[in-house]
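Keep in mind that the numbers below use all heavy atoms, side chains included, and drop hydrogens, waters and symmetry copies. Chain naming here is simple, since letters A, B, ... match the order of the sequence lines and numbering starts at 1 in each. Predicted model, so just to flag it, every value in this text is computed and none were measured.
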Amino acid sequence: MLNKTQIRYCLDTFWEMYPDAECELTHKNPFELLIAVVLSAQATDALVNKVTPGLFEKYKTPEDYMDVPLEELEQDIRRIGLYRSKAKNIQKLCRTMIDRFDGKVPETKEELESLAGVGRKTANVVASVAFNQPAIAVDTHVERVSKRLGLCRYKDSVKEVERTLMKKIPEDEWSDTHHRMIFFGRYHCKAKNPNCPDCPLLFLCREGQKRKRKEEKMA
DNA sequence: AACTCGGGGCA
DNA sequence: TGCCCAGAGTT
C-alpha cells in the first residue's frame, strides 16, 4: 500500500486534474440531497441535474411526495433510469420519514440506511455532506481507483476500502476526494481502457506498473 | 454471490 | 444494435 507521502501526492494530483469537480452534492438542504442521491443510482449527474430543479420546485416536503398518485411522481422523474422503482421508493421513504422521524431526514448512517432505496453509499453521502458526520462513500469508481493505485488492499471488501480510506485521508478532504476520484475513475482510470500512458500517477501505481511491464514483455 | 430493475450514453 | 453504468433489494 502507498505511504503517507504518496497518498498526499495522489490527493493533490486529483485536485490538479479536476479542480472544478462538481456534482449533485451542491444541493443545499438534506431532504433535497437525499432525493437527489437516491435518484442518481445508475444514472448520470447530468441527467439528475436536469430533472431536480423542477422536481424540487414542486415537491418541498415528504408530505408533498405523498400527496400525489404514484403515477404522477413516476411521470415527473420519467427521464431517469429505474424511475418506477425509484418513485415507489421515494414515497415509501417519505412515509417512513413522516412516521418515524418526525418528517425530517434522519442524521445517522444507520437510520438513513433503514429508508427505502437508501443503501450504504447514499447513507454515507447524506450523513457526511448534510450532517457533517464522519463517512466516506465508496462506489465502484472509488473502489477501482483505490485498488489500482494501492490506496487500499486489492482484496478489500467495500467496507474495508471505506475504513482504510477514512484512516488515510484527512477528514476534511473526504468529500472533495470522493468527487475527484469519481471523475478520475470515469474519465481517466476507466474500468475498461485506463489511460495509463497519460497518467500522472503511473509512477506510483501498482496496477499501472503491472500493465506497463506486461506491455514491455509483449514488445 | 447472483440476479433484477431500466432508460440513457456511447461505440 | 448491443453493451455498459455514481445502486439497492431480494433470494
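Note: A:F184 and A:H188 have parallel aromatic rings, judged against thresholds of 30 and 60 degrees for the angle between ring planes. In this structure, A:F31 and A:Y65 have perpendicular ring planes: the angle between them is above 60°, well past the 30° mark. Ring-plane geometry between A:Y187 and A:Y18 is classed as tilted, the angle between the planes lying from 30 to 60 degrees on a 0 to 90 degree scale.
Considering only the side chain of A:H141, C:dC5 comes nearest among B:dG8, C:dC5, C:dG7. Among B:dG9, B:dG7, C:dC5, the nucleotide with an atom closest to any side-chain atom of A:Y83 is B:dG7. When each of B:dG6, C:dC3, C:dA8 is scored by its nearest atom to the side-chain atoms of A:R84, the top-ranked nucleotide is B:dG6. Of the candidates B:dG9, C:dG7, C:dC3, the closest approach to any side-chain atom of A:K192 belongs to C:dC3.
Nearer the 5' end of DNA chain B, as judged by each residue's closest nucleotide, is the contact made by A:S85, out of A:K50 and A:S85. Summary of the strand contacts: A:T44 and A:G117 both lie near DNA chain C, and taking for each the nucleotide with the nearest heavy atom, the more 5' one is attributed to A:T44.
Look at CD1 on A:I80: it is 15 Å from P on B:dG6, rounded to the nearest Å. Between the CZ atom of A:R78 and the C1' atom of B:dG7 there is a distance of 12 Å, given to the nearest Å. The distance from atom NZ of A:K86 to atom C1' of C:dC5 is 11 Å, rounded to the nearest whole Å. What separates CG of A:L82 from C1' of B:dT4 is a distance of 10 Å, to the nearest Å. Rounded to whole Å, the distance from CD on A:E143 to C1' on C:dG7 is 13 Å. Nucleotide B:dG6 holds its C1' atom 14 Å from the CG atom of A:L39, rounded to whole Å. Atom pair A:L112:CG and C:dA8:P shows a separation of 12 Å (rounding to whole Å applied). As a whole-Å value, the separation of A:K88 NZ from B:dG6 C1' is 13 Å.
No contact: A:A137 has no heavy atom under 4.0 Å from any strand. Nucleic acid contact for A:L115: sugar-phosphate only, since backbone atoms but no base atoms lie under 4.0 Å from a heavy atom of the residue. A:T140 comes within contact range of the sugar-phosphate backbone alone, with a heavy-atom separation under 4.0 Å but no base atom that close. Residue contacts shown for A:L47 are limited to sugar-phosphate atoms, with no base heavy atom under 4.0 Å away. Among the heavy atoms of the strands lying under 4.0 Å from A:V118 are primed sugar atoms or P, OP1, OP2 only; no base atom is included.
Note on A:V37: it clusters hydrophobically with A:V51, by side-chain heavy-atom contacts below 4.5 Å among ILVMFWY residues.
Using a 4.0 Å cut-off between charged nitrogen and carboxylate oxygen, A:R211 and A:E215 do not count as a salt-bridge pair.
The phosphate of C:dA8 (OP1 or OP2) has a side-chain N or O of A:T122 nearer than 4.0 angstrom.
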